[in-house]
Structure formats: structure tokens, C-alpha cells
Amino acid sequence: MKKILFLVLAVIACFSFVGCGGIDGSGESFAAVTDKKVTEVMPIAVDGTEVSVKDFLIENLSEYIDSDGFKEIQQAFRDGLGKEPEPLKVTNVIEYALEGKYTNSIDMHFLLIQADFQWGVLSDSWYGNSMMLLADYDTGKVYDPTMVDESWCKESGSKEYWIYFMLNCYYSAEPYDGRMLLNEAEIQRVLTQDDIAEINAALYSAQSQILCKHQNGIK
């Protein structure tokens, strides 16, 4: 019940944000689609070193799918529905960057990852076939909506607030169309399908090994 309440509150928060307009107070609608060109993702700076988004996501998503949290929501799917969940498959990746002078000194350097996979929250009998993930490429940490707390949406001016907002309000269940989210200074770039295919090939291999260990009772 707590998780369902969390999701309902997230939807309310989204509509509240829409009604207020963008962070700059311009009144621009959340749903307004800009005519600026959305360019393909370029290398990102991680700890002062340029790396490709593809390599960054292969490394960090591989760690995510081997984490206790990811294993828990997949096990909930097994226990609740009695079948093996489909592995995680990335369908779209959007780089979203906005510097701190536009967001109360909070730099947002995020990769928003739309992914198909089966998961569940057993206590709420809640099961899904897709999810929005977020990778903070300043820290390398990958978040999913089950990892964030609804109290984060009350921490305006913090990075946690924006992570919560992005995971619950930004294209979490919609096709990407390049709409402006917060400010005209933001950068939005999409990863090529060729790179996504390489990410998925690497993740499929990693998940096959994890599943093999699970079936053999190896942690």
C-alpha cells in the first residue's frame, strides 16, 4: 500500500509542477514541445575524464542489475506471479544536463533510461513490465523509482528532489519527443539505437550469468 500511495503522490506532484510552469517561473507548460534540435549524445565527463555514454552505461547498469535492490524486485515478480521475469532491455537513453545557476546551485547531469523488464513489489501486489531509470553521471549511481522516498519531493533545492521528479514525471510512460522540461538552457541528447543495441547485448550476457547463479543457488 505504501508503494501504491507513493506512485499516486508522484502523479499528483507532476500535475502540480505542470500548473506552476518551469523552474524559471516563465509559466511555460511542462508539455510544451520546443523547436530546438535534439542532438545525439556526445561523450560525458566523469571525474574529469571523457567517456562514452555507451561504456558508462554498460559498466553502471551491469552493477545495477547485480545489486540487491534489483534482485529483490525481480524476485518479487517470481514470487508473486510464479514465472521468471524478462531481463532488462534498454529502449531509450536521454542525456539531460542543466547547470546549477538555473536550479538553485544543483548541477543536473543525468542519463534518463527507459527500459523494459519485469519487476514487482510483493507487499503491494504491484507488478510492472517497464520502468524509468536514472543514472547520475557525476556519481555513477543508478536509481529506480523503488529506491527513492516520497520525502524527497519535499526537499526543494536538493539533488534528491530532482532525481525524484525526473523518475516520476519525465517521460516515465511516454515516447520521447524533445519537449523542454525546465529551462531553455538545458541540454537534451538521445543515444543512438546502435549504441543501445550494444548496451543490451552486454546486459543480456551479464543477466544470463546472474540467472545461472540464481538457479544454482549461488549469490
Side-chain angles (χ1 to χ4, degrees), residues 22-24 33-67 69-70 87-117 130-145 147-148 152 157-172 174-207:
I23 188 173
D24 60 357
V33 179
T34 66
D35 58 3
K36 71 180 190 304
K37 181 179 179 182
V38 179
T39 58
E40 292 183 359
V41 168
M42 305 296 286
I44 54 177
V46 179
D47 295 328
T49 302
E50 279 197 349
V51 299
S52 73
V53 170
K54 177 189 71 178
D55 291 344
F56 176 88
L57 287 179
I58 287 174
E59 177 182 352
N60 289 280
L61 286 177
S62 294
E63 292 180 4
Y64 168 73
I65 61 176
D66 200 25
S67 68
F70 182 78
L88 187 149
K89 181 180 180 181
V90 174
T91 59
N92 203 9
V93 176
I94 305 131
E95 178 190 3
Y96 184 88
L98 186 61
E99 300 310 313
K101 63 183 179 179
Y102 303 104
T103 56
N104 298 323
S105 300
I106 303 298
D107 291 333
M108 286 192 281
H109 299 144
F110 298 152
L111 297 171
L112 305 171
I113 306 150
Q114 294 171 318
D116 290 339
F117 68 100
S130 62
M131 186 183 281
M132 171 70 81
L133 308 173
L134 180 149
D136 180 348
Y137 61 82
D138 286 334
T139 65
K141 187 171 178 61
V142 176
Y143 298 86
D144 68 47
M147 297 165 63
V148 302
W152 289 17
S158 69
K159 180 172 279 192
E160 287 77 13
Y161 173 87
W162 292 114
I163 291 171
Y164 181 95
F165 174 75
M166 292 286 182
L167 281 173
N168 290 288
C169 302
Y170 185 49
Y171 301 121
S172 56
E174 301 175 40
Y176 177 67
D177 61 9
R179 71 185 67 172
M180 187 181 79
L181 181 61
L182 299 175
N183 188 286
E184 290 183 353
E186 69 194 23
I187 294 171
Q188 295 187 46
R189 295 186 283 224
V190 296
L191 194 61
T192 67
Q193 289 300 309
D194 286 345
D195 280 349
I196 289 175
E198 291 190 46
I199 291 170
N200 284 329
L203 293 180
Y204 182 82
S205 177
Q207 288 175 102

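Source: prediction; values computed, not measured. Only heavy atoms go into these numbers, but all of them, side chains included; no hydrogens, no water, no symmetry mates. By convention here, the first residue in the shown sequence is residue 1.
- You'll find the side chain of Met147 stays beyond 4.5 Å of the side chain of Leu167, heavy atoms only.
- A distance-only check finds no donor-acceptor pair linking the side chain of Asn200 to the backbone of Lys89 [under 3.5 Å].
- Between Val90 and Ile196 the shortest heavy-atom distance is O-CG2, 3.4 Å.
- Within the 4.5 Å cutoff, the side chain of Glu59 has no heavy atoms near those of the Val51 side chain.
- Rounded to the nearest 0.5 angstrom, Glu99 CD and His109 NE2 are separated by 3.5 Å.
- With hydrogens and angles ignored, the 3.5 Å screen pairs a side-chain donor or acceptor of Gln207 with a backbone N or O of Leu88.
- From Leu134, atom CG reaches atom CG of Leu111 across 8.0 Å, with rounding to the nearest 0.5 Å.
- Leu98 is not listed as a side-chain neighbour of Trp162, based on a closest heavy-atom distance of 4.5 Å or more.
- Of all heavy-atom pairs between Leu133 and Ala115, the closest is CD1-CB, 4.4 Å.
- Judged by distance alone, the side chains of Tyr137 and Asn60 never bring a donor and an acceptor atom under 3.5 Å apart.
- Side-chain contact between Phe70 and Phe117: present, with at least one pair of heavy atoms (C-beta onward) separated by less than 4.5 Å.
- For the atom pair CG (Asp144) and CE (Met132), the distance works out to 12.0 Å, reported to the nearest 0.5 Å.
- Within the 4.5 Å cutoff, side-chain heavy atoms of Leu203 are placed close to those of Ser62.
- No option in Ile58, Ile113, Asp194 other than Ile58 meets the side-chain contact (heavy atoms from CB on, under 4.5 Å) test with Ile199.
- Across Gln188, Glu186, Arg189, a single residue satisfies side chain to side chain donor-acceptor pair (under 3.5 Å) together with Tyr96, and that is Glu186.
- Pairing each heavy atom of Gly140 with each of Phe56, the nearest pair is CA-CZ, 3.8 Å.
- Separating the CZ atom in Phe110 from the CG atom in Asp136 is a distance of 5.5 Å, to the nearest 0.5 Å.
- In this structure, the side chain of Asp107 engages the main chain of Gly100 through a donor-acceptor pair within 3.5 Å.
- From Lys54, atom NZ reaches atom CD1 of Ile44 across 13.0 Å, with rounding to the nearest 0.5 Å.
- For the pair Glu198 (side chain) and Asp195 (backbone), a donor-acceptor distance under 3.5 Å is absent.
- Note that CD1 of Ile94 and CD1 of Ile187 are 14.5 Å apart. Values are rounded to the nearest 0.5 Å.
- The aromatic rings of Tyr161 and Phe165 lie parallel to each other, with less than 30° between the two planes, well short of the 60° mark.
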